[in-house]
Amino acid sequence: MSCAPGDANRAALGVSWHEAASRLNVKIHRRKIMLSYSRRNFALMLGGMSLSHWVPASTLESSPISVQSGRSLPIAVQRFHERFMRRAIKVSAKNPAYPFGAVIVNTSTGEVLAEGVNTDSKNPTWHGEIDAINAYIDKHGNTGWSNVTLYSTGEPCAMCMAAIVWTGISRVVWASSIQAIRNAGIGQIDIPAVEVAERAREFYRPKALIGGVLADQTDLIFRNRKK
């Protein structure tokens with residue numbers, strides 16, 4: 001009696017039709033789990049609104065970290081970020097000479113968890129972002145960083161971005177760029193926030209870096225600040 005090549009192979013391996021089918025189902029199930037895992041890992045959260053990217057893990061890990069322009073976002077997402085940036089602008093008014101304000105928000109609920117303003121007259125390292133991080137720790141402890149977004153009226157300087165990296169805050173939104181702040185006459189270390197993030201890519205991969213949200217307002221605030 002003749003048999004198909006596949007039958008001969010299974011017979012040589014001592015595998016029945018039932019066993020072969022079971023093994024195939026296991027392989028298919030494993031592949032589905034891996035695909036599902038990859039899709040979940042590559043959901044980009046922008047203030048609680050997810051934009052799924054169906055790309056291989058190797059592509060995401062090797063791709064350069066980039067800044068997304070706030071103006072390129074869907075209108076609904078822009079409005080969401082503008083809401084918290086306005087809060088940061090309000091906080092920045094506490095220091096009219098150096099109007100750097102920051103707020104830390106629960107990405108899932110939108111609750112404002114902490115805020116900070118530049119107080120470098122007391123300590124030269126107490127920039128708005130550092131002040132907000134310290135306030136967050138005082139209230140909530142050194143935990144929960146992966147579920148927060150930090151908003152700042154200015155692009156985080158190298159020191160502040162490094163602090164953000166060390167905390168693990170993976171979503172950062174700012175208004176005025178470092179260059180715009182320099183143009184307003186405020187000295188800055190000329191290292192973009194994205195470069196600091198890129199240099200830390202061994203252990204830090206931000207889910208969102210967004211710049212330019214309400215920059216038209218903060219650029220004017222910086223240019224017209226009290227001197």
Report the distance from atom CG of Leu220 to atom CZ of Arg223, rounding to the nearest 0.5 Å. 4.5 Å

Name all residues meeting the side chain to side chain donor-acceptor pair (under 3.5 Å) criterion together with Thr125; count only those two or more places apart in sequence or in a different chain, and write none if there are none. Asn123

Compare every heavy atom of Met85 with every heavy atom of Val173, then report the nearest pair and how far apart it is. O-CE, 3.7 Å

Could you tell me which residues satisfy side chain to side chain contact (heavy atoms under 4.5 Å, CB included) with Glu202, sequence neighbours excluded, listed by chain and number? none

Ile178 reachable from Ile191 in the ILVMFWY side-chain graph, under 4.5 Å edges: no

Is there a path of hydrophobic side-chain contacts, each under 4.5 Å between heavy atoms of I, L, V, M, F, W or Y residues, that connects Ile89 with Val103? yes

So side chain to side chain donor-acceptor pair (under 3.5 Å) across residues 184-199, not counting sequence neighbours, yields Arg182-Asp190, Glu195-Arg199, Glu198-Arg201

Non-hydrogen side-chain atoms of Ile189 and Met159 separated by less than 4.5 Å: no

Where do Thr218 and Ala175 come nearest, in terms of heavy atoms and distance? OG1-CB, 3.2 Å

Mind checking whether Gln68 and Leu209 have side chains closer than 4.5 Å, heavy atoms only? no

Working to the nearest 0.5 Å, report the span between CE of Met161 and CD1 of Ile169. 9.0 Å

Qualifying residues under ring-ring contact (aromatic ring centres under 6.0 Å, His included), relative to Trp166, sequence neighbours excluded: Phe203

Is the backbone of Gly101 close enough, under 3.5 Å, to the side chain of Glu115 for a donor and an acceptor to pair up by distance? no

Filter on ring-ring contact (aromatic ring centres under 6.0 Å, His included), then keep only pairs touching residues 180-202, sequence neighbours left out; what's left? none

Only counting residues at least two apart or in another chain, list the ones meeting side chain to side chain donor-acceptor pair (under 3.5 Å) with Asp219. Ser176

For Val165 and Ala200, work out which heavy atoms get closest and say how close. CG1-CB, 3.7 Å

Do Trp145 and Ile164 have side chains that get closer than 4.5 Å, going by heavy atoms? no

For a quick check under 3.5 Å, do Ser177 and Glu155 share a side-chain donor-acceptor pair by atom type? no

Residue pair Ser108, Asn147: steps toward the side-chain hydrogen bond (donor to acceptor under 3.5 Å, both in side chains) verdict: CA-CA 7 Å; Ser108 301; Asn147 193 38; 2.9 Å; yes

What is the minimum heavy-atom distance between Ser170 and Ser146, and which atoms define it? OG-O, 4.2 Å

Partner set under side chain to side chain contact (heavy atoms under 4.5 Å, CB included) for Ser66, not counting sequence neighbours: none

Quick check: closest heavy atoms across Ile65 and Ala197, and the distance to 0.1 Å? CD1-O, 3.6 Å

So, using salt bridge (charged side-chain N to carboxylate O under 4.0 Å, His left out) as the criterion, who are the partners of Lys90 when residues are at least two apart? none

Donor-acceptor pairs under 3.5 Å, side chain of residues 131-139 to any protein atom, not counting sequence neighbours: which ones?
residue	atom	partner	partner atom	Å
Asp131	OD2	Val117	N	3.0
Asn134	ND2	Ile130	O	3.4
Tyr136	OH	Thr143	O	2.6

For Tyr98, the hydrophobic cluster (side chain heavy atoms closer than 4.5 Å, chained through members) also holds Phe100, Ile181, Ile186, Phe222

Close side-chain approach of Thr119 to Asn95, heavy-atom, < 4.5 Å: no

With sequence neighbours left out, the residues meeting side chain to side chain donor-acceptor pair (under 3.5 Å) with Glu82 are Arg79

Going by the rule ring-ring contact (aromatic ring centres under 6.0 Å, His included), which residues pair with Phe84 if we only count those two or more places apart in sequence or in a different chain? Phe80, Tyr151

Is the closest side-chain heavy-atom distance between Val172 and Pro156 below 4.5 Å? yes

Determine, stepwise, if the pair Arg86 / Leu214 fulfils side chain to side chain contact (heavy atoms under 4.5 Å, CB included). CA-CA 8 Å; Arg86 288 191 178 90; Leu214 295 185; 3.6 Å; yes

Positive for side chain to side chain contact (heavy atoms under 4.5 Å, CB included) with Leu113, one of Thr149, Val105, Asn106: Asn106

What are the two closest non-hydrogen atoms of Gln78 and Gly70, and how far apart are they? CG-O, 3.2 Å

